[in-house]
Enquirer: 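Take a look at the following structure, please.
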Number of protein chains: 2
Amino acid sequence: MTDDQLDLIFKALSDSTRRRIIDHLSKRPAQSLFEVCAASVAEDGIALSRQTVSQHLAVLEKAGLIEIEWKGRTKAHSLSVSEDDIAAASWLTKYKPKGNET
Amino acid sequence: MTDDQLDLIFKALSDSTRRRIIDHLSKRPAQSLFEVCAASVAEDGIALSRQTVSQHLAVLEKAGLIEIEWKGRTKAHSLSVSEDDIAAASWLTKYKPKGNET
DNA sequence: TCTATATGCAGTAAGATTGCTGCATGCCAA
DNA sequence: TTGGCATGCAGCAATCTTACTGCATATAGA
């Protein structure tokens, strides 16, 4: 796992909008851009423009956290969390206290 | 764990310089600002100004990952990773695949 | 073919981030 | 008391981020 990859993953996770998108995609995979927009409004009450959501999805894709499948003219986004992603995002556990905290 | 807290922790971890500082502090706690600067040059070959390192330390402190103890005119920085921090940084494990990936 | 729909790309503006320099403050030690 | 050292704060420039609007492209279906 390179430093750049860690950067991408942590940066992707450092925005609550993107964390919400991850949550939506975990509940229902293969959502189109419009569906993610709709879910954001319906479940979180947060209205974002299509392009804004598109950019967030691009960040998540760049970090390797979601995967894309084109179905005709619609782009299906699904969560794609690998073991490597989990390991990277758990980077901090390396520095876990040895049971001596208050 | 609030969304804001997750933002702070992931943002703090999304910079390789800050991850390196965490690593230095884990190896040797209670380092002053100057010592962190020196370690960055000595161990990583990266020269950063005192103020730049100070800012990175402030981000880490704001995220609650390090703690400060003043000793006279020097500020001793130590790693302070709580169980909550570990849990927050492991946020992605919620979406761990159920053993069906390639 | 033609239209409606799903998405992409370009451009923009406000705000955050990251690095820096310079000056101010505050404490230890002689 | 005073000199020197560790740190803080203010300010600045370059870049990145996050949101947006508007236009272009491509595909499914009538």
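Numbers restart at 1 for each chain; the letters A, B, ... are given by sequence-line order, proteins then strands. Just the heavy atoms: all of them, side chains too, but no hydrogens, waters or symmetry mates, feed the values below. This structure is a prediction, so every number in the text was calculated from the model and none was measured.
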Enquirer: Before giving the answer on side chain to side chain contact (heavy atoms under 4.5 Å, CB included), spell out for B:L25 and B:H77 the whole-Å C-alpha distance, their side-chain angles and the decisive distance to 0.1 Å.
Expert: CA-CA 7 Å; B:L25 290 179; B:H77 305 80; 4.2 Å; yes
Enquirer: Closest to the A:K75 side chain: C:dG8, D:dG8, D:dC20?
Expert: C:dG8
Enquirer: Which nucleotide wins on minimum distance to the side chain of B:D15, given the candidates C:dT18, D:dT18, C:dG22?
Expert: C:dT18
Enquirer: Which whole-number value in Å describes the distance from B:D4 CG to C:dA16 C1'?
Expert: 15 Å
Enquirer: Quick check on DNA chain C: between A:E35 and B:A47, whose nearest nucleotide comes earlier from the 5' end?
Expert: A:E35
Enquirer: Are A:L79 and A:F34 linked, directly or through other ILVMFWY residues, by side chains that come within less than 4.5 angstrom of each other?
Expert: no
Enquirer: Mind calculating the distance between CH2 (B:W70) and C1' (D:dC5) to the nearest angstrom?
Expert: 12 Å
Enquirer: Check this one for me: any side-chain N or O of B:R18 less than 4.0 Å away from OP1 or OP2 of C:dT18?
Expert: yes
Enquirer: In terms of side-chain heavy atoms of A:S54, which of C:dG8, C:dT7, C:dC20 is nearest?
Expert: C:dG8
Enquirer: Can a donor-acceptor pair under 3.5 Å be found between the side-chain atoms of A:Q55 and the base atoms of D:dA19?
Expert: yes
Enquirer: Could you pick out which residue, B:G72 or B:V53, lies toward the 5' side of DNA chain C when each is mapped onto its nearest nucleotide?
Expert: B:V53
Enquirer: Can you tell me the distance, in whole Å, between the NZ atom of A:K62 and the P atom of C:dG8?
Expert: 16 Å
Enquirer: Expressed as a whole number of angstroms, how long is the span from A:E61:CD to C:dT7:P?
Expert: 13 Å
Enquirer: For C:dA16, does either OP1 or OP2 sit under 4.0 Å from a side-chain N or O belonging to B:K11?
Expert: no
Enquirer: Considering only heavy atoms and no angle criterion, is a donor-acceptor pair shorter than 3.5 Å present between the side chain of B:R73 and the base of D:dT7?
Expert: no
Enquirer: Evaluate the side-chain proximity of B:R19 to A:F10: yes if any heavy-atom separation is below 4.5 Å, no if none is.
Expert: yes
Enquirer: Mind calculating the distance between NZ (B:K71) and P (C:dC28) to the nearest angstrom?
Expert: 13 Å
Enquirer: Using the rule that two of Ile, Leu, Val, Met, Phe, Trp, Tyr join whenever any of their side-chain heavy atoms come within less than 4.5 Å, decide whether A:L33 and A:I46 are in one cluster.
Expert: yes
Enquirer: Between the base of C:dG22 and the side chain of B:Q51, is there a donor-acceptor distance below 3.5 Å?
Expert: yes
Enquirer: D:dA6, C:dA6, C:dG19: which one has an atom nearest the side-chain heavy atoms of B:T74?
Expert: D:dA6
Enquirer: Apply side chain to side chain contact (heavy atoms under 4.5 Å, CB included) to residues A:K27 and A:D23 and explain how you reach the verdict.
Expert: CA-CA 6 Å; A:K27 290 192 222 156; A:D23 203 54; 3.4 Å; yes
Enquirer: Measure from the side-chain heavy atoms of B:H56 and tell me the nearest of D:dA19, D:dG22, C:dG19.
Expert: C:dG19
Enquirer: Among the nucleotides C:dC20, D:dT7, D:dG22, which one has an atom lying closest to any side-chain atom of B:L48?
Expert: C:dC20
Enquirer: Between atom CD in B:E69 and atom C1' in C:dC27, what is the gap in whole Å?
Expert: 16 Å
Enquirer: Can you figure out which of C:dT21, D:dG8, D:dT18 approaches the side chain of B:S49 most closely?
Expert: C:dT21
Enquirer: Checking contacts here: which listed nucleotide (D:dA19, D:dT7, D:dT21) is nearest the side-chain heavy atoms of A:T52?
Expert: D:dA19
Enquirer: What is the distance from CD1 of A:I68 to P of C:dA6, rounded to the nearest Å?
Expert: 17 Å
Enquirer: I'd like to check B:K94 versus A:I22 (side-chain heavy atoms, cut-off strictly below 4.5 Å). Are they in contact?
Expert: no
Enquirer: Nearest whole Å is fine: how far is C:dT21 P from B:R50 CZ?
Expert: 11 Å
